[in-house]
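What follows is a single structure, written as structure tokens, with notes after it.
Both backbone and side-chain heavy atoms feed into the values below; hydrogens, waters and symmetry mates do not. Computed from a predicted structure; not experimentally measured.
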Amino acid sequence: MTTDIEVLFVAGFGPIVRDVDKSAALYRDTLGLKLEAETAEPDYLHTGNVDGVKHFALWPLYKAAASCFGVPQWPSDVPTPSAWIEFDVADIE
């Protein structure tokens with residue numbers, strides 16, 4: 001299969017986390033990433049200061065579930081994701 005999609009760069013990437021505090025301890029405290037929290041969303045930790053990625057963030061599983069299924073619980077019959085990724089492309093059409 002061939003495609004004409006031209007990926008320009010990784011726009012965003014990060015783990016989907018069950019426990020934000022434990023994950024912050026690893027990524028911020030142990031690895032030294034300068035993660036910031038939004039005032040309105042204090043459990044969404046992110047940074048734009050990781051080379052190679054425009055946006056790195058810890059996405060809480062309950063927020064991923066709400067985004068995908070409209071409820072804060074991930075369905076037990078669907079495999080639980082461990083990460084998310086976004087690409088910027090030259091032309092979506």
Side-chain angles (χ1 to χ4, degrees):
M1 180 175 159
T2 61
T3 181
D4 292 330
I5 296 173
E6 180 185 353
V7 175
L8 301 174
F9 55 85
V10 174
F13 175 78
I16 295 176
V17 301
R18 293 179 186 265
D19 186 316
V20 175
D21 292 334
K22 286 182 181 177
S23 296
L26 171 64
Y27 290 96
R28 183 175 49 207
D29 303 339
T30 302
L31 296 177
L33 297 181
K34 293 179 172 43
L35 299 174
E36 301 173 8
E38 297 294 322
T39 303
E41 296 186 75
D43 58 351
Y44 182 77
L45 303 175
H46 61 90
T47 183
N49 295 316
V50 176
D51 287 343
V53 179
K54 299 284 183 183
H55 184 83
F56 177 87
L58 308 182
W59 195 16
L61 180 60
Y62 81 91
K63 287 185 183 267
S67 177
C68 295
F69 302 104
V71 295
Q73 295 82 27
W74 195 265
S76 61
D77 61 329
V78 177
T80 305
S82 57
W84 63 274
I85 190 166
E86 296 175 355
F87 297 102
D88 200 21
V89 296
D91 183 2
I92 195 66
E93 298 299 323

(message) Counting C-beta onward and ignoring hydrogens, is there a side-chain heavy-atom pair between Asp43 and Lys63 closer than 4.5 Å?
(response) yes

(message) Clusters formed by hydrophobic residues whose side-chain heavy atoms approach within less than 4.5 Å: which one holds Leu8, and what are its other members?
(response) Phe9

(request) Indicate, with yes or no, if Trp59 and Leu61 share a hydrophobic cluster defined by side-chain heavy-atom contacts under 4.5 Å among Ile, Leu, Val, Met, Phe, Trp and Tyr. (result) yes

Tabulate below the donor-acceptor pairs under 3.5 Å that side-chain atoms of residues 68-87 make, not counting sequence neighbours, or state none.
residue	atom	partner	partner atom	Å
Trp74	NE1	Val78	O	3.1
Trp74	NE1	Pro79	O	3.1
Trp84	NE1	Gly14	O	3.4
Trp84	NE1	Ala57	O	3.3

(message) Nearest 0.5 Å, please: how far is NE2 in His46 from CD in Glu36?
(response) 6.0 Å

(request) Can you see which heavy atom on Ala37 is nearest to which on Leu45, and at what distance? (result) CB-CD2, 3.6 Å

(message) Just to verify, what does Phe56 make a side chain to side chain contact (heavy atoms under 4.5 Å, CB included) with, not counting sequence neighbours?
(response) Phe13, Pro15, Tyr27, Leu33, Leu35, Thr47, Val50, Leu58

(message) Does atom CD1 (Ile5) have a neighbourhood of more than 12 heavy atoms from anything else shown, all under 6.0 Å?
(response) no

